[in-house]
Amino acid sequence: MAKRIRIKDILINPKIGEETLVKGWVRTKRGNKNVAFIAINDGSTIKNLQAVADLEKVDEGLLKLVTTGACVSVSGQLVASEGKGQTVELIVSKLDVLGEANPEEYPLQPKKHSLEFLREIAHLRPRTNTFGAIFRVRHSMIFAVHKFFHDKGFYNLHSPIITGSDAEGAGEMFRVTTLDPSQPPKTDDGQVDFSKDFFGLETNLTVSGQLEGELGALALSDVYTFGPTFRAENSNTTRHLAEFWMIEPEMAFYELEDNMDLAEEFLKFLVQYALNNCMDDLEFLNQRVIEEEKVMKQEERSELSLIERLQFIIDNDFERVDYTEAIDVLKNSNPNKKKKFKYLIDAWGADLQSEHERFLVEKHFKKPVILYNYPKSIKAFYMRQNEDNKTVRAMDILFPGIGEIVGGSQREERYDVLKARIKEMDIPEESMWWYLETRKFGTAPHSGFGLGFERLMSFVTGMKNIRDVIPFPRTPGNAAF
RNA sequence: UCCUCCUUAGCUCAGUUGGUUAGAGCGGUUGACUGUUAAUCAAUAGGUCCUUGGUUCGAGCCCAAGAGGAGGAGCCA
């Protein structure tokens, strides 16, 4: 018995004339009373392999079971195709149906489905061209992340998923407990007694691996984490998930400028990697976006195609803009003067809203923007204060269509300043003792950033809803699959 | 959490001013067809009009509440 060959490998190196065994899922079957054409996809590539069955040689009853969605095993001779549309095809000599798919029940049809419908059948949507392409690209991006950092001499650090620290301040957390929710042990003053819980303290799913990353950087110099992150925010948008993957590099002896350089280089590397390694899938996704935008009004369509947008990222330097400069641009902008912004910019110190970030990226600079040196009042406690005493060395990278894709900063390495800031912001100091000790013992300037992996995926695949770039999205009210 | 919109056949959607028997395309089924490319052609089956309550002689259509979905805002990555 011949060994099963993946369709991707057959197409890379077709061995014309050889007996070939293929296994996969039927996309369509066409034909007439003499011959049937079966398009088989095994997920190894977006391309199908066409199997050709002579109706005189293949059992008719068996062929009836070959329907869209069925799993088949087909062996036969690989030949140059007589028809147009494919270079090679398989002449069926042996056909087995490994798994039937009743066509009256199987929900995927050889036609366009809405993304909303496919989300409702998340267990089957990987079998579509679109999601097959997305998940193959996703794998390549995961691999590229590790390759980039490994090649640069960074070490991957696994930060904990269950955490007892509650001071990261990055959002609402999911509690982790083994206590009986209906009858938890209570302390004398009526509070839940977490000292009786599994870990002996209140624990949650992590909202960020950054603080642990800093501990790593202050020992191994250059580290990165790449793991799941959980936010219990009731966010219902196209760019938020309750469970998402985040990449957080942390580098000793990096100042803010070095941090920006690394982030820009990293993003360009990832996009270039996709273009170099996922072109079949990107071409399909490119076409998908064009089709999707055909029904939109002219002004809502993208000026560039998906692949052009990816190339644009690589070819252009990101615009680096000081917060103070950005406020000036916004203050004097048309939408601000004509009061088109929902939130008007009137003074230094204002937090930038989505509409402002959009304006800067999509209308004013027309390229990715790195905003830095934000007012300290609107940023986290761990960011390093500038000498002006007003701003901190924070930086956000804003992408067209996505918004904030990277958030980072140079960290406050000065013990006294950090301690004062923790006090100022009412963060319980006792839970941060281990973090403060890194500043007490051999502190060093260091920096890092976080990249939302699914936001990167949205950008690379052109998918507008973040729920469509992760296999099983977790959003408020949705964890069925 | 707030605002706006949507929910009719397996899917995508139409359904006029509230009026009698609910419409299309795709998909399914059956048949035709000498190599098809989301094949084509013909016939055919398929409905809790999201749920509950109300208004009305009469509700897919109007009103209220609820459920689910989408987009935007906030939170952020």
Side-chain angles (χ1 to χ4, degrees), chain A residues 27-39 47-56 64 67-69 79 81-86 89 91 101-121 128-129 168-172 207-210 228-248 263 291 295 300 341-343 351-355 357-358 378-380 396-399 402-408 449-459 464-470 475-478 480:
Chain A
R27 284 293 162 80
T28 61
K29 184 178 69 172
R30 300 174 287 270
N32 52 46
K33 64 179 177 187
N34 299 311
V35 64
F37 302 97
I38 307 163
K47 291 175 178 149
N48 298 331
L49 184 71
Q50 172 161 284
V52 184
D54 186 332
L55 273 77
E56 285 181 7
K64 253 190 140 72
T67 57
T68 299
V79 300
S81 179
E82 283 178 42
K84 293 190 173 70
Q86 61 281 316
E89 60 191 21
I91 304 299
N102 184 342
E104 297 193 36
E105 290 175 34
Y106 186 64
L108 289 173
Q109 305 155 11
K111 59 166 281 189
K112 269 227 148 55
H113 289 292
S114 67
L115 295 169
E116 292 83 4
F117 173 66
L118 293 174
R119 263 172 236 151
E120 289 169 13
I121 49 167
T128 63
N129 286 331
E168 284 147 355
E172 290 294 309
V207 293
S208 165
Q210 181 199 313
T229 312
F230 308 87
R231 306 261 168 105
E233 302 286 347
N234 192 5
S235 297
N236 290 286
T237 78
T238 54
R239 47 188 198 286
H240 288 89
L241 292 164
E243 176 182 297
F244 64 100
W245 290 71
M246 191 152 62
I247 298 133
E248 295 179 288
E291 293 292 323
V295 299
E300 287 170 357
F341 282 144
K342 197 174 158 203
Y343 300 88
D351 204 352
L352 300 187
Q353 310 294 323
S354 293
E355 57 181 349
E357 297 180 348
R358 273 207 131 92
I378 58 171
K379 287 291 179 183
D396 287 353
I397 302 185
L398 313 176
F399 260 35
I402 308 287
E404 186 179 340
I405 194 167
V406 162
F449 62 85
L451 168 70
F453 185 64
E454 281 76 18
R455 289 198 182 164
L456 171 84
M457 280 297 299
S458 284
F459 185 77
K464 293 194 168 58
N465 193 317
I466 201 164
R467 292 162 205 180
D468 296 327
V469 298
I470 186 167
T475 52
N478 192 341

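In what follows, every chain begins at residue 1, and chains take the letters A, B, ... in the order their sequences are listed.
Residue A:Thr28 places at least one side-chain N or O under 4.0 Å from the OP1 or OP2 atom of B:rA39. Contact annotation: A:Asn34 does not reach the phosphate of B:rC33 (side-chain N/O to OP1 or OP2, under 4.0 Å). Taking 4.0 angstrom as the limit, A:Arg30 places a side-chain polar atom (N or O) nearer than this to OP1 or OP2 of B:rA39. For the pair A:Lys112 and B:rU12, the criterion of a side-chain N or O lying under 4.0 Å from OP1 or OP2 is not met.
Where A:Val35 and A:Tyr106 meet RNA chain B, the nucleotide closest to each residue was compared, and A:Tyr106 sits on the side nearer the 5' end.
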For nucleotides 65-74 of chain B, read 5' to 3', which letter fits each nucleotide if B means a protein heavy atom sits under 4.0 Å from the base, S means only the sugar-phosphate is that close, and - means neither? -----SSBBB

How would you summarise protein contacts on nucleotides 24-31 of chain B per nucleotide, using B for base, S for sugar-phosphate only and - for none, with heavy-atom distances below 4.0 Å? -BBSSSS-

Collect all protein-nucleotide pairs involving nucleotides 4-7 of chain B in which both atoms are nitrogen or oxygen and the distance is under 3.5 Å.
none

Output a table of nitrogen or oxygen pairs between the protein and nucleotides 40-44 of chain B separated by less than 3.5 Å.
none

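Across the P atoms, B:rA14 and B:rC62 are found 14 Å apart, a figure rounded to whole Å. Rounded to whole Å, the separation between the C1' atoms of B:rG25 and B:rG46 comes to 15 Å. Comparing the C1' positions of B:rC13 and B:rG31 gives a spacing of 29 Å, expressed to the nearest Å.
Qualifying side chain to side chain donor-acceptor pair (under 3.5 Å) partners for A:Asp54, counting only residues two or more places apart in sequence or in other chains: none.
Where pairing requires Watson-Crick or G-U contacts shorter than 3.5 Å, the helical stems of RNA chain B with at least three consecutive pairs are B:1-7 with B:67-73, B:10-13 with B:23-26, B:28-32 with B:40-44, B:50-54 with B:62-66.
No hydrogens or angles considered: nothing links the side chains of A:Arg231 and A:Thr229 as a donor-acceptor pair under 3.5 Å.
Remark: P of B:rC11 and CD of A:Glu105 are 14 Å apart, rounded to the nearest angstrom.
Contact of the A:Lys111 side chain with the A:Thr68 side chain is not registered, since no non-hydrogen atoms from C-beta on lie closer than 4.5 Å.
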